Every structure is written in C-alpha cells, then in structure tokens.
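Read through the structure below, which is laid out as structure tokens, and then see the notes.
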Amino acid sequence: MKRIATILVYLSIMLISCSPKAELVKHISYNKENVTFTPDVQRHEIAGGLTLTVKPIDAAALNEMTYYAATRGGDYEREYSRRNVSQGDLDNLNRSERRRIEKLIQKSEIINENVENGSMSGEMGDHLFRRIYEGSSHGFDGSENMWFRTEQRFSHQFNPFYVRGSYLSVFSLEFENNSNEVVTISASNFQVASGNEVIYPYEMAYFRDIFEDGSRVLDNALRYNMPGRLNITPGQKVEKFIAIPAISRHARDVVVQYIGDDRSSANFAYDVRYSREELNIPLTRYDIRSFQSFNPPLRYDAYYIAQFEDGFILPLESNSVYMSDERADQNVILCGLVDYNDIDFTFLRCLNIKPSNYSKSEIAFAFIAPSR
C-alpha cells in the first residue's frame, strides 16, 4: 500500500508539471509600418485674403477627436448602457432572462456612478460595459499584435475615416479668411494626384451609403468631412478634412490640388516615403490576485479593466495581463467589477498602481464584501 501511495504521489507531480501553464514572458514580433510626407505641412494663399494650410494626417490619429465628438452629448455612458439593456421588455422575459437583464442594468448603473464621480474615465466605462455585455470577445490579455501595430489611445468606433476594416488617406484643410467678404469653398474644388493618377475626395454621399442615419459615425462625417459648400466668414478659421482611398505604399509623390472657380490652381506637393521595421518586444505576465473578507470566500464573477498613463485602455479577458517594461513602469488605473453569485451584491473598485512595483508580478486586489 505504501508503494502504491508513493507511485500516486509521483504521478500527481508528473501530471501537475506537464499541465499547460500561461507563459511568464512572451516575445511579440510585429511589423511597424510608417508613411511619412515631406514637408509635413504647406500653406498657400488660394484667393484674395484666403489662405489654405494642407497637412497629411494619420487617420488613426483622429480616433481621439472623433470619440470625444461622439460622446460630448451629456450622459453618454448611461445612454450606451441603456441601448443594450432596457427595463421596458422585462415583463415579456422568462425568469432567468429577466434576472440577467436586471443584473446588466445594475452593473451599468454602477459603472455610470463611477464615471460620474471620477473614479474612471468615460471610455473606461464604455469598454468595461462592453466587456460584460459582449463577453470574452471584448477581452484581451495585452499581447495581441493589434496593440503594437497601431498604438492609439482610442478605438476607431466613431471615426468615419475608418471604412471596411482599414483607414483612408486623410488630409487636413485649414482655411483662414483675412478678407472682408464671405468666401465659399466646395469639395469639388479639390483633387489629389499621385503619379499619373487623379483621385477626387469622398463626398458626403459616400459616408451616407456606409453609415446609418442618426449614427454617431455619420454625425462625425458631417462634422469633419469637407462639405459640398463651405462658407467662411471674415476673420474666421475653419478646419475640415478630405479623404481618399489609402495611398499605395509604392507612391513616391502626392499632390493636393486646389482648383478655383476662375480655373486658377494651387499645388500642395509632398514626397512620400514608406518604411517597414520588424520589432521584437518582451512582455511580462502580471496576475491579479484577488481576496475577500469572507471565510469561506463567496463565489463571484470579476471583470477587470486597466487604463495606462499614456491613455491606453485594456479590458482584460481574465485576471492576467501582459505588459512591456515601459507599460509596467507607468501609473495605471486598475478597476474591477465584482458580481457575487451567492448574494445579490455587485460593486466596483479602482486602484492606482505601478505594476513594476510588484516584485512577483502579482497585483493584490482586495474585494470588499457586505456582511451577510
């Protein structure tokens, strides 16, 4: 019997040692692609007293601006939650589905309270609710290549210049009217030339065909895309954007051309350079070790989200996250929403941490449970 027990112990050790474990360090390789324009900006007078400044823009850099434009309408976070969970239809649901919707509403209200009191940003609240509502499909561990190919703070969800899975090529047009008269400019005054190719900027009809009426993306297209008719009053500065299909990586020059109603023209010419670099970044896994005041502890579901000092926001798939040394040395807001299964209680807590201070790469996150 003693020998059998010894064999069982060895077998247990072997099974444990052979079981798959999450990597403590991952090496992420990705290709960094970049298109640069020389010069980076040009300015010409295109009519009496009217100057135009043209600047090539990385369309992904407009994610932040379009996000804030879409969410500046007051109680956005509550509206976002409510469009997914509505109390009006609860009477028509069975008991389990009614309970699920009631819990979603409860969670959305807790998230909104924390956004309103400043514990988390509106975008954190947005992503946390999506993580809860959409499940693990909106959860990540930080090692996904997409975070390194485009390191942008905000998603493209409200950017009208992100179409069918890719960004358009975008140019900023800044007009300044120094005359004493109203000047009218049209989208049809512009064309973009590259080599022997001439491309006309997308007009509003293009965006209306893609985005639904009343959507925030279409609202942003109306707000930012160069309209069919733009009136610029004396002393006024106005910025609009024109967009064309993505410029080929093989292009060597591009010219934004303004053609006046009197058939005069102004050329804003740029040399284009495409570069590609393969990078390798080591990532360390940090585990969130949670504990609570109950003994024995209650069963719970937990959802985590982190916002880094550089603004990067990551809704977590589980209680593990991979970070580069640069990210781990940043100040991070880590929020956890906990839903207890044994009692009807949900709460959300946020910590201000610096992950690199945790020597064992384990972040302690204490839950506070109510008394029974």
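Since we're looking at a predicted model, the values are computed, not measured.
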Closest contact, heavy atoms only, P355 versus Q330: CD-O, 3.5 Å
Report the C-alpha distance between T346 and Q106 in whole Å, list the side-chain angles of each, state the deciding distance to 0.1 Å, and finish with yes or no for side-chain hydrogen bond (donor to acceptor under 3.5 Å, both in side chains). CA-CA 8 Å; T346 303; Q106 182 186 40; 3.3 Å; yes
Has the side chain of N159 got a donor or acceptor atom that lies under 3.5 Å from a matching backbone atom of A59? yes
More than 12 heavy atoms from other groups under 6.0 Å of OH on Y200: no
Is it true that, when you exclude E45 itself, more than 12 heavy atoms of the residues, nucleotides or ligands shown sit nearer than 6.0 Å to its CD? yes
Heavy atoms of A269 and P39 approach each other most closely as O-CD, 3.9 Å
Considering non-hydrogen atoms only, spot the tightest contact between H44 and N267 and give its length. NE2-O, 3.4 Å
Mind checking the CG-OG1 spacing from D58 to T36? Nearest 0.5 Å is all I need. 12.0 Å
Which heavy atom of Y270 sits nearest to which heavy atom of V54, and what is that distance? OH-O, 2.6 Å
Can R327 be said to sit on top of F308's aromatic six-ring, NZ or CZ under 6.0 Å from centre and within 45° of the ring axis? yes
Any donor-acceptor pair under 3.5 Å from D126 side chain to G122 backbone: no
Between V272 and V192, is there a shared hydrophobic cluster once you connect ILVMFWY residues whose side-chain heavy atoms come closer than 4.5 Å? yes
Can you measure from CD1 (I333) to SG (C350) and round to the nearest 0.5 angstrom? 7.0 Å
Apply side-chain hydrogen bond (donor to acceptor under 3.5 Å, both in side chains) to the pair D141 and S320, showing each step before the final yes or no. CA-CA 6 Å; D141 68 10; S320 295; over 6 Å; no
Rounding to 0.5 Å, atoms CD (E309) and CG (N331) come to a distance of 4.5 Å
Nearest-0.5 Å distance that lies between atom NZ in K26 and atom OG in S324: 14.0 Å
Salt bridge check: are R273 and D271 linked by an N-O gap of less than 4.0 Å? no
Compute the ring centroids of Y286 and Y322, then answer whether they are less than 6.0 Å apart. no
Only one of N231, N189, D261 clears side-chain hydrogen bond (donor to acceptor under 3.5 Å, both in side chains) with T184; which? N231
Treating R216 as the side-chain partner and A70 as the backbone partner, does any N or O pair qualify as donor plus acceptor under 3.5 Å? yes
Quick one: do K354 and N357 satisfy side-chain contact (heavy atoms from CB on, under 4.5 Å)? Show the steps, please. CA-CA 6 Å; K354 179 176 284 190; N357 290 340; 3.5 Å; yes
So for atom NZ, which belongs to K55, do other residues, nucleotides or ligands contribute more than 12 heavy atoms lying within a distance under 6.0 Å? no
Hey, does the side chain of S169 reach the backbone of I247 with a donor-acceptor pair shorter than 3.5 angstrom? yes
Measuring from atom CG of L222 to atom CZ of F207, what distance do you get when rounded to the nearest 0.5 angstrom? 10.0 Å
Go through T233 and Q236 one step at a time and tell me if the side-chain hydrogen bond (donor to acceptor under 3.5 Å, both in side chains) criterion holds. CA-CA 5 Å; T233 60; Q236 188 177 30; 3.1 Å; yes
How long is the straight-line distance from CZ of F158 back to CG of D219, given to the nearest 0.5 Å? 10.5 Å
Checking side-chain hydrogen bond (donor to acceptor under 3.5 Å, both in side chains) for the pair Q307/S121: CA distance, chi angles, key distance, verdict? CA-CA 9 Å; Q307 177 166 323; S121 67; 2.9 Å; yes
Identify the two heavy atoms, one from N220 and one from A69, that lie closest to each other, and give their separation to 0.1 Å. OD1-CB, 3.3 Å
Taking the six-membered ring for Trp, are Y167 and F161 ring centroids under 6.0 Å apart? no
Looking at L62, is its backbone amide N or carbonyl O close enough to the side chain of T66 to form a donor-acceptor pair, meaning the two atoms are under 3.5 Å apart? yes
Do you know which two heavy atoms are closest between P201 and Q191, and how far apart they sit? CD-CA, 4.1 Å
Donor-acceptor pair, side chain of D339 and main chain of D301, under 3.5 angstrom: no
Criterion side-chain hydrogen bond (donor to acceptor under 3.5 Å, both in side chains) against H138, the qualifying member of E317, R131, H127: H127
In plain terms, say whether R43 and E176 are close enough for a salt bridge, that is, a side-chain N and a carboxylate O under 4.0 Å apart. yes
